[in-house]
**Q** 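First the structure, which I've put down as structure tokens, then a few questions once you've had a look.
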Amino acid sequence: MALRLRPAGTTEQLPADKLAIGDLVLVRPGERVTCDGTIEEDTSALDESPVTGESIQVARGPGEAVVAGPINADGVLRVVGTLKAKHAGVLVL
């Protein structure tokens, strides 16, 4: 499930496969990044071990690319989806 931010500032929970390119997705601490995209706002450490196998968390911030799969460790991220494809049960925007 993904938490899409609406233009009015409210959120909507929906299946990741219903996201569209350009959607703004909120990723809270402890949640999995549900789409490939670019971080628009905020910074956080991401546990990328589900994707890369690397056990050290990686700091990510505005303008940086993220892929679907990592777990957000501490900050709240806003990610703009950039590519759409279905991959391993996780939507890759």
Side-chain angles (χ1 to χ4, degrees):
M1 294 298 283
L3 195 58
R4 178 170 54 190
L5 284 164
R6 296 178 177 164
T10 60
T11 58
E12 169 186 26
Q13 190 171 19
L14 71 161
D17 64 355
K18 300 297 182 194
L19 291 170
I21 294 170
D23 278 348
L24 186 59
V25 178
L26 186 68
V27 184
R28 297 178 293 202
E31 294 180 342
R32 190 173 300 274
V33 177
T34 56
C35 63
D36 283 7
T38 302
I39 298 173
E40 182 177 90
E41 191 175 321
D42 298 318
T43 59
S44 184
L46 296 179
D47 174 358
E48 297 182 345
S49 62
V51 178
T52 66
E54 178 58 51
S55 62
I56 298 173
Q57 293 179 350
V58 179
R60 299 277 186 228
E64 292 190 88
V66 292
V67 297
I71 299 168
N72 185 12
D74 54 19
V76 177
L77 295 175
R78 286 161 182 80
V79 177
V80 177
T82 57
L83 179 69
K84 185 168 183 163
K86 193 159 185 168
H87 178 70
V90 176
L91 179 69
V92 181
L93 285 179

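On a predicted model such as this, the values are computed, not experimentally measured, just so you know.
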**Q** List the residues meeting salt bridge (Lys or Arg N to Asp or Glu O under 4.0 Å) with D42, not counting sequence neighbours, and say none if there are none.
**A**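 D42 satisfies salt bridge (Lys or Arg N to Asp or Glu O under 4.0 Å) with R78 once adjacent residues are dropped.
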**Q** I71, V51: one ILVMFWY side-chain cluster at the under-4.5 Å cut-off?
**A** no
**Q** Enter the distance from D23:CG to L3:CG here, rounded to the nearest 0.5 Å.
**A** 11.5 Å
**Q** Please report the shortest heavy-atom distance between P29 and A73, naming the atom on each side.
**A** CB-O, 4.0 Å
**Q** For side-chain contact (heavy atoms from CB on, under 4.5 Å), just list the numbers for N72 and L46, CA-CA rounded to whole Å, side-chain angles, deciding distance to a tenth of an Å, and then say yes or no.
**A** CA-CA 5 Å; N72 185 12; L46 296 179; 3.9 Å; yes
**Q** Please name all residues satisfying side-chain contact (heavy atoms from CB on, under 4.5 Å) with E31, sequence neighbours left out, ordered by chain then number.
**A**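 So E31 forms a side-chain contact (heavy atoms from CB on, under 4.5 Å) with V27, R28.
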**Q** Which heavy atom of G81 sits nearest to which heavy atom of C35, and what is that distance?
**A** CA-SG, 4.3 Å
**Q** Identify each donor-acceptor pair in which a side-chain atom of residues 60-69 lies under 3.5 Å from a protein atom, sequence neighbours left out, and give them as a table.
**A**
residue: R60; atom: NE; partner: E48; partner atom: OE2; Å: 3.2
residue: R60; atom: NH2; partner: E48; partner atom: OE1; Å: 3.4
residue: R60; atom: NH2; partner: E48; partner atom: OE2; Å: 3.0
residue: E64; atom: OE2; partner: G61; partner atom: N; Å: 2.7

**Q** Which atom pair, heavy atoms only, marks the closest approach of G37 to T82?
**A** CA-OG1, 3.5 Å
**Q** Measuring from M1:CE to L19:CG, what's the distance to the nearest 0.5 Å?
**A** 10.0 Å
**Q** What's the separation between atom CG in D74 and atom CG in D47, rounded to the nearest 0.5 Å?
**A** 11.5 Å
**Q** Could I get the full list of side chain to side chain donor-acceptor pair (under 3.5 Å) partners for T38, not counting sequence neighbours?
**A** none
**Q** Where do S55 and S49 come nearest, in terms of heavy atoms and distance?
**A** CA-CB, 4.5 Å
**Q** Roughly how far, to the nearest 0.5 Å, is the CZ atom of R4 from the OG1 atom of T10?
**A**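 The CZ atom of R4 is 10.0 Å from OG1 of T10, to the nearest 0.5 Å.
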